[in-house]
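All chains are named by letter (A, B, ...) in the order of the sequence lines, taking the proteins before the strands, and each is independently numbered beginning at 1.
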Amino acid sequence: MTSVETAARTTREQTGYFQTFMSRRASILPTLAAVAILILLFVGAEILLRGDFITPRNISSLLLDNAYLLILAVGLTFVIVTGGIDLSVGSVMAFTGIWLAQLLAAGVSLAIALPAVLLAGALVGLLIGVLVQFFDVQPFIASLAGLFLARGLAFVVSLSSIKVETAEVLWLQSTRIQLGDWYITPTGILALLVAFAGAWVMQFTRFGRTTYAIGGNKQAALMGLKVARTTVAVYVISGICGGLAGLVLTAYSGAGYPRNGVGTELDAIAAVVIGGTVLAGGRGYVLGSMVGVFVYGTIKTIISFMGAEQSWTQIIIGALLLVFIVVQRAIVARSDRRSRS
Amino acid sequence: MTLTADTAYPPIVEMRGITISFPGVLALDNVDFFLRRGEVHSLMGENGAGKSTLIKALTGVYAVDSGSIDLIGTSQVFRGTSDAEAAGISTVYQEINLCTNLSVGENVMLGHEPRKGGRIDWKAVHRLAAEHLEGLGISIDTRSLLSNHSIAIQQLVAISRAMVLDAKVLVLDEPTSSLDRGEVEQLFTVIRDLRARGAAIIFVSHFLDQVYEIADRITVLRNGKLVGEYLVKDLPRDQLVTKMIGRQLDDLEAISSTAERAIDRTDAPILKATGVGRRGVLEPADLDVFDGEIVGIAGLLGSGRTELVRLLYGADRADSGNIEMVGTPAKMTSPRHAIDRGIAFSSEDRREEGIVADLSVAENIVLGIQARKGLRKVRQEKQDSVVSEYMAALDIRPADPDMVAGNLSGGNQQKVLIARWLATAPELLILDEPTRGIDVGTKADLQKKVAELSEQGLSVIFISSELEEVLRLAQRIVVMRDRKSIGELDSRRFDLDGLIDFIANEGDGSAA
């Protein structure tokens, strides 16, 4: 209860805190639940592994290993908050990653190659956004088309992996900024910057608020909001995030590989949903998605620490998703009922 | 009244020769419309007369095929709602167009949030929103989610959006259709205040009483054509209705005999509900419906009317009480059971829970019998005969079975829904607000049809916010208040005032 009370931050009487909180911030509950689960996971693993789990090294590598997923999840949060979905992000990451590797291998400088691949990601997003907004195609179908397109393009670039030797790219991954046993890599910094920038945009810009409005009201255009522009833009953002994730993943693995990121879009969606964003749109937080990514990463780490099959990660994530979607339904149903009565 | 329609102001909006056509329909044919500052101008006409189309032309939703729109003497071409908004025209739609997932304050300011140093200044957002809301006489926590507030408050929040834009023209499209009397008064106080401050207001409503209470001037449309513009004081109601529907309204008189009809209550009732209730939703209530009887349920919005029939129909599960049909116990745990026992329920929310907008009229009608039949397809000849029979019986217009149902007017959609249920040959038809948002002519038509059906032996439960309708049709009236049944009346012994008094005062611990 204490966390609820502090979050309400009001001058009202003690008895009114909970009601005030519920009337204002009910939509943050799923995200708080994700934070609670993250803490539980850490504590549980710490006990299970007899004090071997919560170490600076482990927590540092959590960000390092999941930087690409975090970037994808940030872009996806924009899309899902508008009530859409983007299945293309894993393929876009693979395509931009391998194309970047190929360009660099061909001697193109990073200063040209990087903008080129980000633009490519943006174009795939633009295509999906235009299909969704102007041709009234279901986001699921439009982004499925984007998924196949980007995956195909990845194979057109190369059928096998291309090693990256460019120093600047390797620097992104190999540099470790140390503070005691803690460390962070430039890829981790990049991912955090993307997340905080995303959170800022959603909270403090009219564009960000319009994404919430679209998710909450399909007729938001009647409120005089720039719906068309915003809808297309969220898919473009998701595409650019796909491109950035391609860069990060290429740096992380030291190579581009056309089969990278098969199914990663689903991991990213799972992280976003676990982080408290409602698939129906209108409710969610970028920083919640960050928590979701960490939940995902932590489960993966625990499984590998325990030496169990990685398929257990998927089973646990599946179970978590199930619980979260049911909780979300309950919250949405509650507010719908209230607005009707 | 400081300003009235007689003001010498020149028109602020001049729409001339507006023509808009959709595939197969000429929605507006060379219509002129003028709106002045400091007046409340009502746009009247039956469903399909072109009111909404005219409004959507003014608010930039539709482009005009020909004609001109002038605002304060300058010609305008709106390419979208934001153009119209920027020009000073604000609209509050019937289906409140706000975001229930966001806070009250954000809904007021959305798209116009004050910014400081490139970021939205949330403190200022809520401060300004609170000021605008207080200007309309409401003080609520602007940081609370919109979904926590009643429809009436949401309506006022929508209006305060217009204040933010400093709108010169305010369009209110059926703003009162889901409000109760007190809330309508609150809204009217706001409208009068805005008018006194010089706003030009278009008020569209199906409630004649409200139009005559608030409007200064009336423009009448019929079949997409302009009938004329009148001052309210020069246009008595009967003349207005005649102009709207193009014929006299004697039909309603004929219907009122239905309520007088004697009902044989010696046999077991078609439906006998005893103590049906659900915790937190409805206190246990009793209800009997006899063969060929129309039982009205009267009460304010939220009094438990809809909740009661949803329990009877099995749409929600009752946690107490028994239901008998023709003397045998019936379990209503799902609508399927209810349908199998011959109960049909036409929901108050015809757009969400009734009509399938993308299917044709014929497909919508056949849906009911098809659902009964299961997977086997209903034979085409059978389909055609059912469709033509009920389209003719209910006088569905246009008489085109292949028309997409979503393009029909509200009244005709309602008829399609009734046709769907009648085709399943029900014994009890539950109509929840069948006439909401429907024009006078179609309303009378629908009521006549219901009366005829009951004379042929169909039992009906009829729910309506319009008490005149309930009194006119029903032989018995169950009155609900605050989620409980507070009494059962013989409609022959009550007139409108008596019924209102009963709803307001009866059944209080004190009154008894």
Side-chain angles (χ1 to χ4, degrees), chain A residues 8-12 16 19-29 81-83 199-230 277-278 280-284 331-341, chain B residues 56 59-61 80-86 89-93 95-107 109-113 115-122 125 140-151 153-154 158 161-162 165 178 281 301-302 306-307 349 352 483:
Chain A
R9 268 190 285 124
T10 110
T11 54
R12 299 195 172 197
Q19 279 85 350
T20 310
F21 174 79
M22 288 305 288
S23 78
R24 291 180 171 185
R25 293 253 164 265
S27 63
I28 209 172
L29 285 179
V81 164
T82 65
W200 192 87
V201 166
M202 291 213 87
Q203 185 62 21
F204 290 113
T205 66
R206 287 186 184 169
F207 166 75
R209 303 319 292 173
T210 305
T211 61
Y212 283 96
I214 295 171
N217 177 0
K218 301 291 168 245
Q219 302 287 313
L222 292 178
M223 296 175 82
L225 299 176
K226 298 185 168 66
V227 170
R229 186 188 299 180
T230 307
T277 299
V278 179
R283 299 173 179 84
I331 288 174
V332 173
R334 175 180 170 277
S335 69
D336 283 355
R337 198 169 56 242
R338 284 187 157 224
S339 59
R340 275 180 62 161
S341 59
Chain B
K56 285 179 173 165
T59 54
V61 179
T81 48
S82 43
D83 282 2
E85 251 196 33
I89 298 172
S90 262
T91 315
V92 177
Y93 293 93
E95 319 294 338
I96 298 165
N97 210 324
L98 295 172
C99 301
T100 50
N101 58 325
L102 301 177
S103 71
V104 170
E106 188 167 3
N107 270 290
M109 303 301 296
L110 202 60
H112 314 279
E113 300 93 337
R115 286 179 285 199
K116 201 167 70 183
R119 51 172 276 179
I120 292 175
D121 181 355
W122 285 109
V125 166
I140 48 177
D141 178 9
T142 60
R143 288 173 197 272
S144 59
L145 291 174
L146 187 71
S147 56
N148 289 324
H149 298 281
S150 69
I151 299 283
I153 293 288
Q154 295 187 18
R161 267 186 73 73
L165 301 169
S178 1
V281 174
L301 197 77
T306 301
E307 288 77 0
D349 191 348
E352 292 288 325
R483 309 203 164 228

- Most heavy-atom pairs under 4.5 angstrom with chain A, which of B:T91, B:L110, B:D83, B:T59? B:L110
- Task: Please determine, among A:R209, A:Q203, A:K226, the option with the most heavy-atom pairs under 4.5 Å with chain B.
- Result: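 Answer, by heavy-atom pair count under 4.5 Å with chain B: A:R209.
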- Give, as side chain, backbone, both or neither, the part of B:E85 having an atom under 4.5 angstrom from any heavy atom of chain A. side chain
- Query: Using non-hydrogen atoms only, which part of B:L102 is less than 4.5 Å away from chain A: side chain, backbone, both, or neither?
  - Reply: side chain
- Message: Out of the candidates B:N107, B:V104, B:T100, B:N97, only one should pair with B:Q154 under the side chain to side chain contact (heavy atoms under 4.5 Å, CB included) rule; please name it.
- Response: B:T100
- By side chain to side chain donor-acceptor pair (under 3.5 Å) - contacts of B:R143 (at least two apart): none
- What's the verdict on side-chain contact (heavy atoms from CB on, under 4.5 Å) for B:V61 and B:T81, showing C-alpha distance, side-chain angles and the deciding distance? CA-CA 6 Å; B:V61 179; B:T81 48; 3.7 Å; yes
- Task: Measure the CZ-CG distance between B:R115 and B:D121 for me, rounded to the nearest 0.5 Å.
- Result: 11.5 Å
